Amino acid sequence: MALYSEKVMDHFRNPRNVGSIENAAGVGEVGNAKCGDIMKIYLQIEDEIITDVKFETFGCGSAIASSSMATELIKGKPVSEALALSNKAVAQALDGLPAHKLHCSVLAEEAIKAAVQDYYEKAGIEYDHAQFPDCASCGHCDET
């Protein structure tokens with residue numbers, strides 16, 4: 001049995017939406033100190049719809065595949081759907097990840113949430129701080 005699914009290998013070998021967006025509406029960057037993966041997601045948003053999304057990922061094949069799949073799953077979708085995207089949905093869309101690589105799908109979810117939070121803050125949009133688990137410690141919020 002192969003360690004990685006064909007979808008993981010396809011998104012690793014042929015990643016979608018690679019790059020950056022100049023003057024992005026929202027940018028989220030997260031990292032995992034344990035494995036060294038760093039993921040950055042850029043969002044372009046018009047009328048609460050993600051019209052473009054790009055990523056830059058420094059990491060293993062699973063991190064690149066997770067970034068690629070996550071961007072495909074949210075492109076053209078409302079911001080609310082992007083916020084609802086879970087790491088499990090990313091892993092399922094890739095036909096699974098090995099247990100020791102599930103943290104890569106978690107990074108994709110966290111990077112998207114960080115980019116949406118950045119968008120909300122740049123645009124002055126009120127949002128539910130509870131949607132962002134690390135919000136109280138992120139330094140962006142006045143709330144505790």
Side-chain angles (χ1 to χ4, degrees), residues 4-5 7-144:
Y4 296 106
S5 72
K7 279 190 182 177
V8 170
M9 295 306 297
D10 180 41
H11 277 267
F12 166 63
R13 290 183 182 125
N14 307 294
R16 284 69 152 177
N17 307 306
V18 175
S20 62
I21 298 174
E22 195 172 322
N23 301 315
V27 180
E29 183 173 351
V30 296
N32 182 317
K34 181 180 174 184
C35 67
D37 294 335
I38 299 169
M39 197 174 289
K40 195 169 188 177
I41 301 276
Y42 301 83
L43 301 175
Q44 193 59 47
I45 300 169
E46 294 175 26
D47 298 323
E48 292 301 302
I49 302 293
I50 298 170
T51 57
D52 197 11
V53 56
K54 301 281 186 202
F55 79 90
E56 295 175 314
T57 294
F58 176 84
C60 66
S62 294
I64 292 166
S66 293
S67 301
S68 175
M69 180 58 80
T71 60
E72 286 288 279
L73 292 171
I74 67 168
K75 193 172 191 175
K77 301 285 196 294
V79 173
S80 59
E81 282 188 37
L83 270 180
L85 182 68
S86 69
N87 71 297
K88 290 181 178 116
V90 173
Q92 284 177 340
L94 288 168
D95 292 337
L97 286 169
H100 68 284
K101 292 295 185 176
L102 280 174
H103 68 273
C104 296
S105 63
V106 172
L107 277 179
E109 176 186 342
E110 290 174 349
I112 289 168
K113 286 185 177 178
V116 170
Q117 185 177 11
D118 184 53
Y119 160 66
Y120 286 159
E121 290 173 2
K122 284 178 178 175
I125 298 171
E126 291 291 323
Y127 62 92
D128 179 3
H129 294 266
Q131 291 179 294
F132 306 94
D134 295 329
C135 190
S137 62
C138 73
H140 292 134
C141 304
D142 295 347
E143 299 179 6
T144 55

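The first residue in the sequence is number 1, and the count goes up from there. Since the structure is predicted, the reported quantities are computational estimates derived from the model, not experimental observations.
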Check your understanding: Quick check: does any side chain N or O of S68 sit under 3.5 Å from a backbone N or O of I64, one acting as donor and the other as acceptor?
Key -> no
Exercise for review: Quick one: closest heavy-atom pair of G96 and V8, and the distance?
Suggested key: O-CG2, 3.6 Å
Review point. If we only count heavy atoms from C-beta on, is the V18 to K54 side-chain gap below 4.5 Å?
Key: no
Exercise for review: Nearest 0.5 Å please: distance from the CG atom of L83 over to the NZ atom of K77.
Suggested key: 14.5 Å
Check your understanding: Are any side-chain N or O atoms of D47 and backbone N or O atoms of I49, one a donor and one an acceptor, separated by less than 3.5 Å?
Key -> no
Point to revise | Nearest heavy-atom neighbours spanning A114 and V30 | key: CB-CG1, 4.4 Å
Review point. Could you go step by step and tell me if L107 and T57 meet the side-chain contact (heavy atoms from CB on, under 4.5 Å) rule?
Key: CA-CA 10 Å; L107 277 179; T57 294; over 6 Å; no
Review point. Is there a side-chain contact between E48 and I125 (heavy atoms, below 4.5 Å)?
Key: yes
Review point. Measuring from I45:CD1 to T51:OG1, what's the distance to the nearest 0.5 Å?
Key: 8.0 Å
Point to revise | Non-hydrogen side-chain atoms of L43 and I74 separated by less than 4.5 Å | key: yes
Practice item. Kindly give the heavy-atom pair with the smallest separation between A108 and S66, and that separation in Å. Key: CB-O, 3.9 Å
Practice item. Report yes if the side chains of V53 and I41 come closer than 4.5 Å at any heavy-atom pair, otherwise no. Key: yes
Point to revise | CG on L73 to CD on E81, rounded to 0.5 Å | key: 10.5 Å
Review point. Can you check whether C60's main-chain N or O pairs, donor with acceptor, with D37's side chain at less than 3.5 Å?
Key: yes
Exercise for review: Consider only side-chain N and O atoms of E22 and Y42, and report whether a donor and an acceptor are under 3.5 Å apart.
Suggested key: no
Check your understanding: salt bridge (Lys or Arg N to Asp or Glu O under 4.0 Å) with K122: which residues, sequence neighbours excluded?
Key -> D118
Practice item. Using salt bridge (Lys or Arg N to Asp or Glu O under 4.0 Å) as the criterion, list what pairs up with R16, not counting sequence neighbours. Key: D10
Review point. Would a 4.5 Å heavy-atom cut-off, applied to side chains only, mark L85 and V90 as touching?
Key: yes
**Study point:** Side chain to side chain, E109 and K113, heavy atoms closer than 4.5 Å
**Key:** yes
Exercise for review: Measure centre to centre between the rings of F12 and Y4, then say whether the value is under 6.0 Å.
Suggested key: no
Practice item. Please step through side chain to side chain donor-acceptor pair (under 3.5 Å) for the pair T71 and N17, ending with a clear verdict. Key: CA-CA 7 Å; T71 60; N17 307 306; 2.9 Å; yes
Point to revise | Set of salt bridge (Lys or Arg N to Asp or Glu O under 4.0 Å) partners for E29, sequence neighbours left out | key: K40
Revision key, fill the gap. Residues E56 and G19: closest non-hydrogen pair is CG-O, 3.4 Å
Study note, to complete from the structure: Distance col, row Q92:CD vs M69:CE, nearest 0.5 angstrom, shows 11.5 Å
**Study point:** Gap between atom OG of S62 and atom NE2 of H103 - 0.5 Å precision
**Key:** 7.5 Å
Study note, to complete from the structure: Correct closest heavy-atom pair for V116 and V79 would be CG1-CG1, 3.6 Å
